[in-house]
Amino acid sequence: MEEGTVRVGLLGCGTVGAAVVRLLRDHGDDIALRAGCRLEVTRVAVRDASRARDVRLPPGRFTDDPAAVVADPEVDLVCELMGGIEPARTRILEAFAAGKPVVTANKELLANAGKELFDAADASGLDLYFEASVAGGVPLIRPMKESLVGERVRRLLGIVNGTTNYILTEMSERGATFADALERAQELGYAEADPTADVEGFDAAAKCAILASIAFNTRVVAADVYREGIANVSPLDIADARRLGYVVKLLAIAELEDGEVSARVHPAMVPAGHPLASVRDASNAVFLEGDRVGELMFYGPGAGGDATATAVVGDLVSAARHLLRGGHGIGCTCVLDRRMRPMDDTRGQYYLNLHVEDRPGVLAEIADHFGRNGVSIERVWQEGTADEATLVFITHRAQEGAFQKTVQELRELRAVRAVGSVLRVEGEEP
Ligand SMILES: NC(=O)c1ccc[n+]([C@@H]2O[C@H](COP(=O)([O-])OP(=O)(O)OC[C@H]3O[C@@H](n4cnc5c(N)ncnc54)[C@H](OP(=O)(O)O)[C@@H]3O)[C@@H](O)[C@H]2O)c1
């Protein structure tokens, strides 16, 4: 290592990678002041090394071979910004084997192969930093791992996918249909041409797994997270929610109850007065509930090259300081082996809207099914037309499995013509 300079090998120079190169150049003096050294990007791996790029680096620094960047003796620190599982996983393991710390923004990789990577980092006594992997530019991982080390987090509720939050905001505030809002999100560059990872909740589930692992000191992987996307949220659901004083959001929820962890991603009605209800457009926010500090909310831009690059550069500075002075940051904190609570055993509150025959005895018949499944009703009211009525229910907190069984039974009742909206209700009014 040249004295006073830590040499960074960049794997990926796309939206985030290019912004990291620019930020290191534009704010180089300030960064050197904090890091105690200069950070210089000496090698960059991309898919197509011949393509012109919006970064000022000598062309000789680019290669299409990420393994060569990791192995290069002129690279001290590896920054993985390619995304996806392979070759990112293999290259990160090679970096640790070569004694080089790693900074990554790759939530998909961490939520699926985190254990292997953290084991390798810890075994070699090297840093693996990943601040940018959840909520982009919002400082969240470090506050949770370090600043809140004395806190016991009970629950976190997060809006961690900007694309779906943008779509739901368009539907709620501008009356757009899901299809129109998705098209607009694609025009603005918020949504990919294939929006599956966002719309079906895969991206949020990976982030939920990472947050739950840190919050509860246990390994939660993407497959442990119950997942429902927003493709079935209808304008009617949104209108019903608004009428009752709620806003529909795609939430990532992680809870610790009786030593068991539940982790889930699904659309939910949030009271309009809850801090998460005012998180609009592509913004992200994570709301934490703890024993001592109480409620905290982290809010800001969850994506975008420049915003995300600030999180990456913060990690690069920490890793560079450790390289120069020795030591390393807090490693893997998944030291417990907590049981994952199956979705059916979680408890929640529910909103249900039924189209029913308007005749005497129907309400009693329906209420009987709720009662037999142990689901108690907090509020019920009827909105009627000549021969058909709409019955609207909000339950008390009930077991998910019991509620779903009730809905299944109601679907089969002759008096029930159709089940309209079924939505979970989350977050208490402050
Ligand atoms: N974009 C955001 O706002 C954001 C926010 C938070 C976290 N992240 C995470 O940051 C990471 C990077 O995202 P991004 O948006 O910057 O992606 P991107 O724009 O698609 O850039 C990916 C870069 O990696 C290179 N690359 C991909 N596969 C490669 C391979 N096999 N070999 C060599 N180079 C390869 C690409 O090369 P070419 O340029 O030649 O195609 C490109 O430079 C992802 O893990 C993402 O989840 C992104």
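Just so you know, these numbers use all the heavy atoms, side chains as well, and skip hydrogens, waters and symmetry mates. Whatever order the structure lists ligands and atoms in, that order sets their numbers, starting from 1.
You'll find the ring centres of Y246 and H274 outside the 6.0 Å limit. With ring centers used as reference points, F118 lies under 6.0 Å from F130.
At distances below 3.5 Å, at least one donor-acceptor pair connects side-chain atoms of D76 with backbone N or O atoms of R7.
Considering only residues two or more places apart in sequence or on other chains, Y226 meets the ring pair (Phe, Tyr, Trp, His ring centres under 6.0 Å) condition with none of them.
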What does the N/O contact table under 3.5 Å look like for ligand 1?
from	atom 1	to	atom 2	distance (Å)
ligand 1	3 (O)	G304	N	2.7
ligand 1	16 (O)	T15	N	3.2
ligand 1	16 (O)	V16	N	2.8
ligand 1	19 (O)	T15	N	2.9
ligand 1	19 (O)	T15	OG1	3.1
ligand 1	34 (N)	R47	N	3.2
ligand 1	37 (O)	R47	N	3.0
ligand 1	39 (O)	R51	NH2	3.0
ligand 1	39 (O)	R53	NH1	2.8
ligand 1	39 (O)	R53	NH2	3.2
ligand 1	40 (O)	R47	N	3.0
ligand 1	40 (O)	D48	N	2.9
ligand 1	40 (O)	R53	NH2	2.8
ligand 1	41 (O)	R47	NH1	3.1
ligand 1	43 (O)	C13	N	2.8
ligand 1	43 (O)	G14	N	3.1
ligand 1	47 (O)	K107	NZ	3.0

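Within the structure, salt bridge (charged side-chain N to carboxylate O under 4.0 Å, His left out) pairs that include any residue of residues 214-231 comprise E228-R424 (at least two apart or interchain). Evaluation of the salt bridge (charged side-chain N to carboxylate O under 4.0 Å, His left out) test over residues 14-27, restricted to residues two or more places apart or in two chains, returns R22-D54, R22-D306.
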